[in-house]
Chemist: 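My questions will all concern the structure given below.
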2 protein chains.
Amino acid sequence: MSTRDDLVAAATALLDEGGPERVTLREVGRRAGVSHNAPYKHFTDKQALLEAVAIQEFDRLERVMTATPTPRAEAAALLRRVMLDYVRWAQRHPRRFALVYGWSMNASADLHERAGATWRRLVELTAEAQAAGALPAGDPERAAALVRALAHGAADLSITGHLAADGKGRASAEDLVEDLLRVLGQAGRSS
Amino acid sequence: MSTRDDLVAAATALLDEGGPERVTLREVGRRAGVSHNAPYKHFTDKQALLEAVAIQEFDRLERVMTATPTPRAEAAALLRRVMLDYVRWAQRHPRRFALVYGWSMNASADLHERAGATWRRLVELTAEAQAAGALPAGDPERAAALVRALAHGAADLSITGHLAADGKGRASAEDLVEDLLRVLGQAGRSS
DNA sequence: ACCTGAACACCGTTCAAGT
DNA sequence: ACCTGAACACCGTTCAAGT
């Protein structure tokens, strides 16, 4: 483990504990066993350190999406699994989810590039599912955006407690993903 | 305008300009024409000031939802308009959207209460739309959650630039809301 | 090349007073 | 009741040195 890796690991742990404000360069340095401004020798500023954390997390997401552990899985089943993985990851690591898709990261060209690759893979999967009749025909980019937006919104509302507003939230984020895919499956078969 | 109102207005303006970090109590005080810690006589801390901003915004959202300007509008048309208003509000005031539904607000009991009222109204609308056959039958809470999660996710991805990953995003947040309602409408009529 | 310690500006918050 | 000014602790960032 290089010092750089130690710094990223410490920043990730602090992020999980209390969000970006908890990630102080002083505490990151302390946990990595260096001085409070040693991070500046590896990252231009705090923002760059958080970007490194976000990129590391994006790489994990992409690995899940491009891996196909179930041999010969149908596109629809694979799409379902990928989207369920996505909402489970978000619920398991809510602060990483907030970081990766949050405000501060929309200026990072590096992150934008990785997001593009993940997105293209999702569009491919969607197109295959359409061809199999598991989704309605039409622009695969648009159909993929629909599925992704639902999963993203369900994960975000679930994390912030807005899915269970009355204290009796009857639908989990995973339920909503399944509901959407079921409705889209009906529409795909009936057309 | 009381001093308190001036403080909330200044905080709202600063939030729009650069997010919560930009909202410093010193600058809020300066814009309201008071000292840098006069805000402490009206709010217990910065968090409480931001909560006041969030609550003000939630009240506006609720007013849009409970108002029915189009007389005798059908439930489905009204639901469509409410959800389109929601994504337009989010795109117009991205930092307010991030504040209201973001991390820091999930501990505010007052905000939670207001969210509950808005949510119940949406469930009512959904139930009416289901009765009219514009949405598939089933638990209205769950159907409402599906619509809301899609709108929320589409708005969030649109704001952070993730809907147009390839530089040629073919679906706007509004498009996705319409797509979902169309598919749900088909499923409602065919059952 | 990588790291340290002092220093600076800025911010949230507290406190002792003022009217 | 409402406000002010000084003060404290903390943080991001910079700089002059050290090996």
Side-chain angles (χ1 to χ4, degrees), chain A residues 1-56 95-96 98-100 102-108 110-111, chain B residues 1-56 95-96 98-100 102-108 110-111:
Chain A
M1 285 274 274
S2 66
T3 297
R4 197 197 129 100
D5 292 337
D6 288 339
L7 292 170
V8 173
T12 305
L14 285 164
L15 177 74
D16 286 341
E17 289 173 26
E21 308 105 79
R22 180 74 165 265
V23 183
T24 67
L25 293 179
R26 282 167 162 84
E27 184 62 21
V28 165
R30 201 170 303 131
R31 294 199 183 188
V34 293
S35 79
H36 72 282
N37 60 27
Y40 283 94
K41 309 304 161 183
H42 300 272
F43 305 95
T44 62
D45 55 13
K46 177 176 175 176
Q47 173 70 14
L49 173 59
L50 288 175
E51 274 183 29
V53 174
I55 285 171
Q56 157 198 267
R95 318 228 67 145
R96 302 185 196 180
L99 177 74
V100 168
W103 258 106
S104 56
M105 288 299 130
N106 62 0
S108 165
D110 205 346
L111 208 64
Chain B
M1 284 275 275
S2 66
T3 298
R4 198 198 128 100
D5 292 338
D6 288 339
L7 292 171
V8 173
T12 305
L14 284 164
L15 177 74
D16 285 341
E17 289 173 25
E21 307 105 79
R22 181 72 164 268
V23 183
T24 68
L25 294 179
R26 283 166 162 84
E27 182 62 21
V28 166
R30 202 171 301 131
R31 295 198 184 187
V34 292
S35 79
H36 73 282
N37 60 26
Y40 283 94
K41 310 304 162 181
H42 301 270
F43 305 96
T44 62
D45 55 12
K46 176 175 175 176
Q47 173 70 15
L49 174 58
L50 288 175
E51 274 183 30
V53 174
I55 285 171
Q56 157 198 266
R95 318 224 69 142
R96 303 185 195 182
L99 178 74
V100 168
W103 258 107
S104 54
M105 288 300 129
N106 61 359
S108 166
D110 205 346
L111 208 65

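This structure is a prediction, so every number in the text was calculated from the model and none was measured.
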Chemist: Name the stems that DNA chain D belongs to, where each is three or more consecutive Watson-Crick or G-U pairs with both distances under 3.5 Å?
Modeler: C:4-8 with D:12-16, C:12-16 with D:4-8
Chemist: Are side-chain N/O atoms of B/Gln56 and B/Thr12 paired as donor and acceptor at under 3.5 Å?
Modeler: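 Judged by distance alone, the side chains do pair up.
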Chemist: Expressed as a whole number of angstroms, how long is the span from B/Phe43:CZ to D/dC3:C1'?
Modeler: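 In whole Å, D/dC3 C1' and B/Phe43 CZ are 15 Å from each other.
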Chemist: For the C1' atoms, the ones on C/dC11 and on D/dC8, what distance do you get once it is rounded to whole angstrom?
Modeler: 12 Å
Chemist: Using whole Å, report how far NZ of B/Lys41 lies from P of C/dA16.
Modeler: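 Rounding to the nearest Å, NZ of B/Lys41 and P of C/dA16 are 12 Å apart.
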Chemist: B/Ala38 has a side chain; which of D/dT4, D/dC11, C/dC3 sits nearest to it?
Modeler: D/dT4
Chemist: When the P atoms of C/dC2 and D/dA17 are considered, how many whole Å apart are they?
Modeler: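 Pairwise P distance, C/dC2 against D/dA17, rounds to 22 Å.
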Chemist: In Å, rounded to the nearest 0.5 Å, how long is the span from CZ of A/Arg31 to CG of A/Asp6?
Modeler: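 Nearest 0.5 Å value for the CZ-CG distance: 12.5 Å.
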Chemist: Pick the closest DNA chain D nucleotide for B/His42 and for A/Thr44 by heavy atoms, then say which residue is nearer the 5' end.
Modeler: B/His42
Chemist: Please list, by residue number, the residues of residues 25-37 of chain A whose heavy atoms come closer than 4.0 Å to an atom of DNA chain C; answer none if no residue qualifies.
Modeler: A/Arg26, A/Val34, A/Ser35, A/His36, A/Asn37
Chemist: When you compare the side chain of A/Leu7 with that of A/Val34, does any pair of heavy atoms fall below 4.5 Å?
Modeler: yes
Chemist: Can you tell me the distance, in whole Å, between the CG atom of A/Leu7 and the P atom of C/dT4?
Modeler: 10 Å
Chemist: Restricting to side chain to side chain contact (heavy atoms under 4.5 Å, CB included), what partner residues turn up for B/Ser2, sequence neighbours left out?
Modeler: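 If we apply the side chain to side chain contact (heavy atoms under 4.5 Å, CB included) test to B/Ser2, skipping adjacent residues, the hits are B/Arg4, B/Asp5.
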Chemist: Output the rounded distance in Å from CD (A/Gln47) to C1' (D/dT13).
Modeler: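 Spelled out: CD on A/Gln47 to C1' on D/dT13 is 15 Å.
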Chemist: Please find the pair of heavy atoms, one from B/Leu15 and one from B/Pro20, that lie closest to each other, and give the distance.
Modeler: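 Shortest heavy-atom contact: CD1-N, 3.7 Å.
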Chemist: It should be established whether B/Lys46 places a side-chain nitrogen or oxygen under 4.0 Å from OP1 or OP2 of nucleotide C/dG12.
Modeler: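 Yes, because at least one side-chain N or O of B/Lys46 sits under 4.0 Å from OP1 or OP2 of C/dG12.
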Chemist: What is the minimum heavy-atom distance between A/Arg96 and A/Asp16, and which atoms define it?
Modeler: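 For A/Arg96 and A/Asp16, the tightest heavy-atom pair comes out as NH2-OD2, 2.6 Å.
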Chemist: Nearest whole angstrom, please: distance from the P of C/dC2 to the CG of A/Asp5.
Modeler: 13 Å
Chemist: Does a side-chain N or O from A/Thr3 land closer than 4.0 Å to OP1 or OP2 of C/dC3, or not?
Modeler: yes
Chemist: Using every non-hydrogen atom in the two residues, find where A/Ala11 and A/Val28 come nearest and quote the distance to one decimal.
Modeler: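 Closest approach of A/Ala11 to A/Val28, heavy atoms only: CA-CG2, 4.1 Å.
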Chemist: Atom OH of B/Tyr40 and atom C1' of C/dA17: how far apart are they, to the nearest Å?
Modeler: 19 Å
Chemist: Kindly give the heavy-atom pair with the smallest separation between B/Thr3 and B/His42, and that separation in Å.
Modeler: CG2-NE2, 3.7 Å
Chemist: Find the distance B/Leu49:CG to C/dC11:C1' and express it as a whole number of Å.
Modeler: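 From B/Leu49 CG to C/dC11 C1': 14 Å.
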Chemist: Compare all side-chain heavy atoms of B/Met105 with those of B/Leu50 and state whether any distance is below 4.5 angstrom.
Modeler: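 Yes, close enough: below the 4.5 Å cut-off.
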Chemist: I need the CG-C1' distance between B/Asp45 and C/dT13, as an integer number of Å.
Modeler: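 So the CG-C1' distance, B/Asp45 to C/dT13, works out to 9 Å.
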